[in-house]
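Starting from 1, each residue takes its place in the sequence as its number.
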Amino acid sequence: MIAIYPGSFDPITNGHLDLIQRGSRMFDRLIVSILRNDAKQALFSVEERMEMLREVLHVYPNVDVDSFDGLLVDHASAQHATVLLRGIRAISDYEYELQMALMNRRLAPDIETVFMMASETYSFISSRMVKEVFSLGGSISGLVPPVVETRLSARLAKSKSHRGM
Ligand code: PNS
């Protein structure tokens with residue numbers, strides 16, 4: 001069974017990683033797919049995000065990384081995936097996830113959305129908050145893989161030098 005784990009991954013957090021580990025045990029193949037045509041302003045380019053994902057995920061032989069444009073269900077069909085994997089943290093995630101799952105089911109009735117819960121250790125982490133805390137000088141140790149921390153430091157140093165700080 002092939003599953004797609006779609007998202008922005010800007011950047012990958014330990015919450016995403018926890019879910020990928022669980023998914024890799026559950027499915028024969030898991031494809032982590034980054035949305036390309038995202039309206040949201042991203043910190044990292046799709047290529048940078050793919051590099052970070054590949055670096056962290058190369059230890060899982062049945063996990064691949066790719067990117068997609070357009071509808072998620074079209075990408076899933078093209079990859080012969082029958083499952084969309086999504087993580088749910090708190091109840092606040094539920095409404096958006098329900099809407100998305102039902103819309104995807106309407107578009108492609110043969111593709112099933114499967115929700116999984118990350119470990120409670122990570123249930124409060126979001127990429128947005130990691131970026132905010134880091135940019136304001138707070139510690140994000142243990143919240144993201146080391147490669148992400150290194151890339152965030154480099155990005156922050158670059159933006160400070162651009163601003164002459
Ligand atoms: O990490 P995110 O930002 O919550 O991921 C959202 C994502 C990429 C899964 C969602 O925006 C998506 O699937 N976009 C592709 C467009 C699409 O298929 N839309 C219809 C279903 S809502």
Side-chain angles (χ1 to χ4, degrees), residues 1-44 46 49-50 52-57 59-60 62-134 138-145 147-149 152:
M1 194 179 275
I2 303 173
I4 300 265
Y5 179 39
S8 311
F9 305 105
D10 185 40
I12 182 173
T13 68
N14 285 348
H16 295 128
L17 195 52
D18 180 273
L19 215 80
I20 292 166
Q21 265 167 11
R22 289 169 201 281
S24 74
R25 291 195 290 262
M26 192 163 169
F27 303 106
D28 299 308
R29 183 168 174 232
L30 181 65
I31 308 169
V32 181
S33 299
I34 304 178
L35 174 65
R36 281 193 169 270
N37 56 327
D38 202 342
K40 283 180 274 178
Q41 181 68 41
L43 177 64
F44 293 105
V46 173
R49 284 179 265 162
M50 284 181 74
M52 285 186 271
L53 283 168
R54 288 208 170 103
E55 196 163 328
V56 176
L57 302 177
V59 291
Y60 302 102
N62 65 336
V63 177
D64 293 315
V65 177
D66 73 5
S67 64
F68 72 103
D69 269 321
L71 284 178
L72 174 59
V73 290
D74 290 344
H75 176 59
S77 299
Q79 298 300 317
H80 309 289
T82 50
V83 171
L84 305 173
L85 175 64
R86 291 288 288 172
I88 289 205
R89 289 165 301 191
I91 196 75
S92 48
D93 283 339
Y94 179 76
E95 208 168 306
Y96 169 60
E97 294 298 333
L98 177 73
Q99 274 185 359
M100 212 154 60
L102 293 180
M103 180 59 82
N104 283 330
R105 179 181 284 167
R106 190 187 161 91
L107 293 167
D110 295 338
I111 297 179
E112 206 61 59
T113 299
V114 170
F115 292 112
M116 286 174 85
M117 266 68 74
S119 157
E120 68 279 7
T121 321
Y122 305 120
S123 63
F124 64 97
I125 308 177
S126 68
S127 300
R128 187 182 61 78
M129 221 167 253
V130 162
K131 286 182 280 191
E132 184 173 317
V133 168
F134 190 80
S139 169
I140 54 161
S141 170
L143 304 184
V144 293
V147 58
V148 172
E149 223 176 315
L152 277 168

**Student:** So which heavy atom on Gly15 is nearest to which on Ala118, and how close?
**Tutor:** O-CB, 4.0 Å
**Student:** For residues Ile140 and Val130, report the shortest heavy-atom separation together with the two atoms involved.
**Tutor:**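 Heavy atoms of Ile140 and Val130 come nearest at CG2-O, 3.7 Å.
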**Student:** Measuring from atom OG1 of Thr13 to atom CG of Asp18, what distance do you get when rounded to the nearest 0.5 angstrom?
**Tutor:**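 Those atoms lie 9.0 Å apart.
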**Student:** For the OH atom of Tyr122 and the CG atom of Leu19, what is their distance to the nearest 0.5 Å?
**Tutor:** 12.0 Å
**Student:** For Val32, which of Val63, Val56, Asp64 qualifies under side-chain contact (heavy atoms from CB on, under 4.5 Å)?
**Tutor:** Val63
**Student:** What distance do Ile31 atom CD1 and Asp66 atom CG have between them, rounded to the nearest 0.5 Å?
**Tutor:**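 Rounded to the nearest 0.5 Å, the CD1-CG separation comes to 6.0 Å.
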**Student:** Please tell me if the side chains of Met117 and Arg89 come closer than 4.5 Å, counting only heavy atoms from C-beta onward.
**Tutor:** no
**Student:** What do you reckon, is CZ of Arg128 surrounded by more than 12 foreign heavy atoms closer than 6.0 Å?
**Tutor:**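 Result for CZ/Arg128: open.
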**Student:** As a quick check of understanding, evaluate side chain to side chain contact (heavy atoms under 4.5 Å, CB included) for Leu17 and Val144, giving each step before the final call.
**Tutor:** CA-CA 9 Å; Leu17 195 52; Val144 293; over 6 Å; no
**Student:** Crowded around Arg22 CZ? As in, over 12 foreign heavy atoms under 6.0 Å?
**Tutor:**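 Counting other residues, nucleotides and ligands, CZ of Arg22 exceeds 12 neighbours.
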**Student:** With the side chain counted from C-beta on, respond yes when His16 and Ser127 share a heavy-atom pair under 4.5 Å apart, and no when they do not.
**Tutor:**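 The answer is yes; the side chains approach within 4.5 Å.
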**Student:** Within the distance-only criterion (no hydrogens, no angle test), does the side chain of Asn62 pair as donor or acceptor with the backbone N or O of Ser24 below 3.5 angstrom?
**Tutor:**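 The answer is yes, because a donor-acceptor pair under 3.5 Å joins these two groups.
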**Student:** Return the minimal non-hydrogen interatomic distance between Leu85 and Leu30, and the atom names on each side.
**Tutor:** CD2-CD1, 3.9 Å
**Student:** Between Asp10 and Phe44 (side chain of the first, backbone of the second, donor and acceptor by atom type, cut-off under 3.5 Å), is there such a pair?
**Tutor:**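 Checking the backbone N and O of Phe44 against the side chain of Asp10, a donor-acceptor pair under 3.5 Å is found.
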**Student:** Which pair of heavy atoms, one from Phe134 and one from Glu149, lies closest together, and at what distance?
**Tutor:**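 Looks like CZ-O, 4.3 Å.
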**Student:** Flag the pair Thr82 / Asp110 as yes when at least one side-chain heavy-atom distance between them is below 4.5 Å, and no otherwise.
**Tutor:** no
**Student:** Please report the interatomic distance CD1(Ile4) to OG(Ser77), rounded to the nearest 0.5 Å.
**Tutor:** 9.0 Å
**Student:** Are the side chains of Ser8 and Ile34 in touch, meaning some heavy atoms are under 4.5 Å apart?
**Tutor:** no
**Student:** With rounding to the nearest 0.5 angstrom, report the CZ to CG distance, Phe9 to Leu53.
**Tutor:**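 The CZ atom of Phe9 sits 6.5 Å away from the CG atom of Leu53.
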**Student:** Closest approach of Arg49 and Ala42, non-hydrogen atoms and distance?
**Tutor:**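 The answer is NH2-CB, 3.4 Å.
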**Student:** Give, for atom CZ of Arg86 and atom CE of Met116, the distance between the pair rounded to the nearest 0.5 Å.
**Tutor:**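 Here the interatomic distance stands at 14.0 Å.
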**Student:** Heavy atoms only: give me the nearest Lys131-Pro11 pair and the separation to one decimal.
**Tutor:** CG-CD, 4.1 Å
**Student:** Are Ile12 and Val147 side-chain neighbours, meaning at least one heavy-atom pair lies under 4.5 Å?
**Tutor:**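 A side-chain contact under 4.5 Å is absent here.
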**Student:** Using the side chain to side chain contact (heavy atoms under 4.5 Å, CB included) rule, take Met1 and Arg29 through it: C-alpha gap first, then chi angles, then the decisive distance, then the call.
**Tutor:** CA-CA 7 Å; Met1 194 179 275; Arg29 183 168 174 232; over 6 Å; no
**Student:** For residues Glu95 and Leu98, determine if any side-chain heavy atom of one lies less than 4.5 Å from a side-chain heavy atom of the other.
**Tutor:**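 A side-chain contact under 4.5 Å is absent here.
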